[in-house]
Amino acid sequence: MRPLSLISLLPWLAACAAQAEPVVYAPNPALEARAVSARSNPILKDGADYTTDPAPLVAGGRMYIITGRDTAEPGVNDFIMPEWQMLVSDDPQSGHWTHYPHFLKPDAVFKWATPGRAYAPQIVQGPDKRFYLYAPVMQKDSTNKDGFAIGVAVSDTPTGPWVDAHPSGPVVSQSWPVPNTIQNIDPTVLVDEDDRVYLYWGTFGRLKGVELEPDMLTFKGTPIDVTSLTGFFEAAWIFKRKGTYYMAYAGNRAGPNSECTEAVYYACIAYGTAPSPLGPWTYRGVLLDPVSSTTSHSGLIAFKDKWYIAYHTADAKGGGHFRRSVALDEVRWDDSVSPPRPQKVVPTGGAPFDATPIRNIASHARITASNAPVPVQYWLRALNDGKVHIAPLPPDMWATWSPNNPKQQWVLYQWDQPVTLNGASLYFWGDQPAGSGVGVAPPKDWHLEYRDGETWKPVKATTAYRSRLNAYNPVSFAPVTTRCLRAVFDASTDGKTYAAVAAQEWQALAVTPQAPLKASVKGSASPDCAER
């Protein structure tokens, strides 16, 4: 072989150097943009724009997070999501972001889609270096039982402009390319190191996965059903780290002793691992505890030698279960175990918290009730979380509903040390008027008792007990020093059957104010006020 001279190598070396330089993608000039400075979570916290269902992407040395937009008015319990938004940062730890508030609307790119219902998408970079947007949208004029379908758009840059990569219609629906009976939303895509592409999607406990052809659109083989991820509900996110495949997801295996969630409407972010992109998947544990919104949706990605999790909460100004906002936190790993384990994420930032001492010391108490274990659609600790809602969902309250409601029910607070109380207030909820024997109605009567030694004694009330719905019902009483306070309810009745009782909040008012707790004490109280 003839030796190469340095001069002949120079063009080759220059080409290699040029290839090593990261590609910088110019933003789409057609998009409205604004600068955001976010030193704490959520990233957008002023309530002007609610972001949801984050899906991070790293490209050209930047982090991109595509999000939905929540526009539901207060008290509206529905996902009103007309468009997608985008957040972009050169360095998330700096807190500097560019916000594209009107990134894309479903019907602007998918002519076969209806306006609105811009649910959780994901953008990935394909082997051809173009970018692919996988988006669940509502198919126009669909004859399927459920009209949600997944479309794919393509662009040369992460910010568009986007064109439909399959303009003839969705790439997944209940009738295409093979029939299915699930709701086809929440797509997540992995482009593996060998350029093979894998798609997962599904909700309501159903998760499907399939390899895609190199065109990023066509099924390669028959989709699999994943049934081994404990408590899977929705929001799957597939990623790879150090040769192991991970699947994060919103889990809702509920119960008083569940490692995931006490109430079925809330979700944790759980995860599993697999040795290959299509499994088999093994459940590994919980990555993120339930947040302030009932739904939980995450995406995990590596950026400049760190790992991050993007997720949403209800922590922005005016936020709620249908007015959510994206947060971002670092994920740390334990590589001493096999497979490597992500450490549980402790959320940072959050809604402003006022630690000024107050008389309501309910958050310091453990709690139990006569219907414990409480049905998983309700959440017993909603009583002392300090929140009331205009239109509460079931986990926003404690309720006693059953097919055969009893005549009397009770709920109990227990403190680790004696406290001196002289008041309480209950915020009742109901869907039936007083005197009803069905549904949920204000109690016919109620009273408070405190534990004195081995005996329950009634407090000496100095004001009347009231049972108004959707309002606080305060009662004052002569001071008592105790470790346990119990509220006893006589159910509303029509003389034949009894209605249930429900409450969003139960305040326990101390003589001496104390600092509230950001999260109420976990753990169950003892029905007879026994020591733990």
Side-chain angles (χ1 to χ4, degrees), residues 351-370 372 374 379-390 392 396-400 408-430 442-453 455-490 501-529:
F353 179 70
D354 186 355
T356 303
I358 58 175
R359 289 182 60 209
N360 179 22
I361 60 169
S363 62
H364 296 257
R366 290 175 286 122
I367 188 170
T368 191
S370 54
V374 173
W379 185 38
L380 190 52
R381 286 197 299 121
L383 281 175
N384 61 351
D385 69 352
K387 300 175 184 177
V388 295
H389 302 262
I390 297 173
D396 296 324
M397 68 184 80
W398 164 71
T400 66
Q408 193 175 75
Q409 299 267 18
W410 52 262
V411 65
L412 181 155
Y413 280 157
Q414 181 176 11
W415 291 267
D416 289 339
Q417 300 296 328
V419 295
T420 301
L421 308 167
N422 65 353
S425 187
L426 270 148
Y427 195 103
F428 291 113
W429 180 87
K444 178 181 177 182
D445 198 6
W446 65 283
H447 67 275
L448 295 167
E449 299 174 345
Y450 70 100
R451 192 73 170 185
D452 184 7
T455 306
W456 287 104
K457 294 182 178 179
V459 301
K460 295 179 180 179
T462 58
T463 58
Y465 289 99
R466 303 178 67 185
S467 301
R468 297 171 300 165
L469 292 180
N470 301 316
Y472 278 107
N473 293 270
V475 60
S476 298
F477 50 84
V480 297
T481 299
T482 185
R483 290 179 57 249
C484 291
L485 185 70
R486 185 167 73 173
V488 182
F489 309 97
D490 295 324
V501 176
Q504 288 199 60
E505 194 70 10
W506 178 23
Q507 297 179 339
L509 306 177
V511 171
T512 303
Q514 297 183 35
L517 301 180
K518 191 169 185 178
S520 56
V521 172
K522 289 185 177 181
S524 179
S526 170
D528 60 0
C529 203

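Keep in mind it's a predicted model, so treat the numbers as computed, not measured. When a residue number appears, it is its place in the shown sequence, counting from 1.
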Rounded distance [0.5 Å steps], CH2 in W456 versus CZ in R486: 5.0 Å

Chi angles and distances behind the side-chain contact (heavy atoms from CB on, under 4.5 Å) call for T400, Q409: CA-CA 8 Å; T400 66; Q409 299 267 18; 3.6 Å; yes

Option from Y465, W506, W410 for which ring-ring contact (aromatic ring centres under 6.0 Å, His included) with W446 holds: Y465

Over 12 foreign heavy atoms within 6.0 Å of CZ, R359: yes

Over all atoms of both residues, closest heavy-atom pair of C484 and Q414: SG-CG, 3.4 Å

E505 side chain to G386 backbone, donor-acceptor under 3.5 Å: yes

Q504 side chain to H389 backbone, donor-acceptor under 3.5 Å: yes

Considering all heavy atoms, the nearest L469-G430 contact: CD2-N, 3.7 Å

ring-ring contact (aromatic ring centres under 6.0 Å, His included) partners for F477, two or more places apart: none

ring-ring contact (aromatic ring centres under 6.0 Å, His included) partners for H447, two or more places apart: none

Nearest heavy atoms of S467 and P442, plus distance in Å: O-CB, 3.1 Å

Donor-acceptor contact below 3.5 Å, side chain T463 vs main chain S476: yes

Side chain to side chain, F428 and R468, heavy atoms closer than 4.5 Å: no

CA sep, side-chain torsions, deciding dist, call: L380, V411, side-chain contact (heavy atoms from CB on, under 4.5 Å): CA-CA 9 Å; L380 190 52; V411 65; 4.3 Å; yes

Side-chain heavy atoms of V521 within contact of R381, under 4.5 Å: no

Inter-residue atom distance L383.CG - D396.CG, 0.5 Å rounding: 11.5 Å

Closest non-hydrogen atom pair between W415 and I361, with its separation: NE1-O, 3.1 Å

Basic-acidic side-chain contact under 4.0 Å: R366, D416: yes

Spatial distance of atom CZ (R483) from atom CD (Q417) [nearest 0.5 Å]: 7.5 Å

Nearest atoms (heavy-atom pairs only) where A362 meets N384: O-ND2, 3.0 Å

Donor-acceptor under 3.5 Å (N473 side chain, S425 main chain): no

Side-chain heavy-atom pair Q514, P357 within 4.5 angstrom cut-off: no

Any side-chain heavy-atom pair of T420 and T512 under 4.5 Å: no

Donor-acceptor pair, side chain of T482 and main chain of R451, under 3.5 angstrom: yes

Side-chain heavy-atom pair T368, Y413 within 4.5 angstrom cut-off: no

Ring geometry between W398 and F489 (parallel below 30°, tilted from 30 to 60°, perpendicular above 60°): tilted

Under the side chain to side chain donor-acceptor pair (under 3.5 Å) test, residues paired with K387 that sit two or more places apart: none

Which atom of A461 lies closest to which atom of V475, heavy atoms considered: CB-CG2, 4.1 Å

Value rounded to 0.5 Å, distance of CG in L412 from CD1 in I367: 8.5 Å

